[in-house]
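Right, one structure below, let's go through it.
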Amino acid sequence: MKVLVCGKGGCGKSTVVALLSKKMAKRENKVLVIDSDESNTGLHFRLGMTKPEDFMNYFGGKKILFEKTKEITGRWKLDDLPKEYLSEKGNIQLLSMGKIYQFGEGCACPINVLSSRMLEILDVGDKEFLIVDTDAGIEHFGRGVEKGVDSLVVVIEPSKDSILLAQKISDLGKQLGKATYLVLNRVNHESEMLLLESIDKEKVIAVIPENREVFMSGLAGKELKISLEGIKQIADKLEFEERKVQAKLA
Ligand SMILES: Nc1ncnc2c1ncn2[C@@H]1O[C@H](COP(=O)(O)OP(=O)(O)OP(=O)(O)O)[C@@H](O)[C@H]1O
Ligand SMILES: [Mg+2]
């Protein structure tokens with residue numbers, strides 16, 4: 001299954017991606033984490049992994065990426081990805097599309113186009129999960145990054161902007177025909193109740209409370225090692241949906 005994690009800036013996307021990937025890997029799934037955020041550089045340390053080289057360099061770098069992505073053809077399996085661009089730890093592999101480094105170097109569009117293309121052509125099998133960490137907001141929808149994935153996981157923090165963005169993403173998900181799941185993050189009892197009044201409750205698959213250990217790991221830039229009930233809930237739901245798909249294929 002190919003899952004894309006999205007939402008407002010700072011809502012907890014990368015935290016959810018790192019913890020969910022670890023949970024899925026622990027359950028004997030093969031996990032490919034794709035970092036498609038061109039700004040933040042810390043996903044690898046949340047996973048306790050080394051930083052992989054930018055995958056855009058495999059195609060000759062950002063300047064020629066638009067042209068080069070047109071040459072990517074056929075279907076790829078996870079094993080077709082060049083090993084020298086992957087960080088690996090246990091059942092998890094990390095692929096980072098590319099980052100912005102220089103003042104005035106141009107927009108991130110080529111990186112988004114590469115993400116879009118790769119998500120479209122990568123095939124995942126039984127017990128394989130591709131989990132995408134995205135940049136904040138919905139620019140990636142404009143570039144069609146979501147086209148190749150099966151499901152969207154929208155992380156919502158307790159704020160009006162986050163609620164409004166989640167509604168917009170749910171609408172886009174519906175237009176695209178993608179299953180869209182909501183995850184409430186950094187909540188306490190009061191904010192959880194208030195959020196549930198404003199969103200489509202049926203779509204909520206997990207609730208993650210404000211957590212001091214997660215906060216301190218984020219501040220110190222340390223690997224996330226905590227086990228959270230909310231992450232288990234996301235993993236259970238995705239595995240359940242995956243089993244349904246595999247049963248249909250059998
Ligand atoms: N449940 C939580 N409890 C406490 N702190 C949290 C929780 N979830 C996330 N955080 C903290 O909030 C900050 C933002 O989280 P994170 O980086 O995962 O968000 P993001 O959506 O990926 O941000 P960006 O949009 O910049 O990519 C981090 O410092 C993280 O440690
Ligand atoms: Mg992030």
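In what follows, residues are counted from 1 in the order of the sequence shown. Counting starts at 1 for both ligands and their atoms, in listed order.
A salt bridge links K147 with E120; the closest basic N to acidic carboxylate O contact falls under 4.0 Å. Taking 4.0 Å as the cut-off between side-chain N and carboxylate O, K51 and D35 do not count as a salt-bridged pair. Ionic pairing of D236 and R27 is present here: one or more N-O contacts between side-chain nitrogen and carboxylate oxygen are shorter than 4.0 angstrom. A salt bridge links R75 to D123: one of the charged nitrogens lies within less than 4.0 Å of a carboxylate oxygen. Using a 4.0 Å cut-off between charged side-chain N and carboxylate O, K62 and E38 make no salt bridge. Ion pair E157/K8 flagged as a salt bridge, since at least one NZ, NE, NH1 or NH2 atom sits closer than 4.0 Å to an Asp/Glu carboxylate oxygen.
Distances from atom 28 (C) of ligand 1 to the protein include no heavy-atom value under 4.0 Å.
When each atom of ligand 1 is checked for a heavy atom of E210 under 4.0 Å away, the hits are 3 (N), 4 (C). Each of the atoms 27 (O) of ligand 1 lies under 4.0 Å from some heavy atom of D37. Counting atoms of ligand 1 from 1 in the listed order, those under 4.0 Å from a heavy atom of G9 are 25 (O). Each of the following atoms of ligand 1 lies closer than 4.0 Å to a heavy atom of A136: 25 (O).
By the 4.5 Å heavy-atom criterion applied to side chains, L81 and L122 are counted as neighbours. Contact check for F129 versus V124: no side-chain heavy atoms found under the 4.5 Å cut-off. You'll find the side chain of Q233 stays beyond 4.5 Å of the side chain of I205, heavy atoms only.
Given atom 19 (O) of ligand 1, the protein heavy atom at minimum distance is G12 N, 3.1 Å. Closest to atom 20 (P) of ligand 1 among all protein heavy atoms lies K13 N, 3.5 Å. If you check which protein heavy atom lies closest to atom 14 (C) of ligand 1, you get G10 O, 3.7 Å. The protein atom (non-hydrogen) at minimum distance from atom 4 (C) of ligand 1 is N211 O, 3.1 Å. The nearest protein atom to atom 2 (C) of ligand 1, hydrogens excluded, is given as R186 CG, 3.5 Å; this is a heavy-atom distance. Closest to atom 26 (O) of ligand 1 among all protein heavy atoms lies N40 ND2, 3.0 Å.
For the pair G137 and ligand 1, no heavy-atom separation below 4.0 Å is found. Heavy atoms of R46 approach ligand 1 to within less than 4.0 angstrom.
When the options V17, T15, L219 are ranked by their closest heavy atom to atom 15 (O) of ligand 1, first place goes to T15.
Counting only protein atoms, the N, O or S atoms lying less than 2.8 Å from the Mg ion (ligand 2) are S14 OG, ordered by chain and residue number.
Both the backbone and the side chain of V214 come within 4.0 Å of ligand 1, counting heavy atoms alone. When heavy-atom distances to ligand 1 are checked against a 4.0 Å cut-off, N185 comes that close only through its side chain, counted from C-beta outward. Counting heavy atoms closer than 4.0 Å to ligand 1, residue S39 contributes nothing at all.
Residues satisfying the salt bridge (charged side-chain N to carboxylate O under 4.0 Å, His left out) criterion with K203, sequence neighbours excluded, are D200.
Summarising the local packing, CD of E202 is surrounded by 12 or fewer heavy atoms from other residues, nucleotides or ligands at distances under 6.0 Å.
Shortest non-hydrogen contact noted between G48 and K89 is O-NZ, 3.1 Å. Taking every heavy atom of both residues into account, L152 and K178 meet most closely at CG-CB, 4.1 Å.
There is a side-chain donor-acceptor pair under 3.5 Å between N29 and E239.
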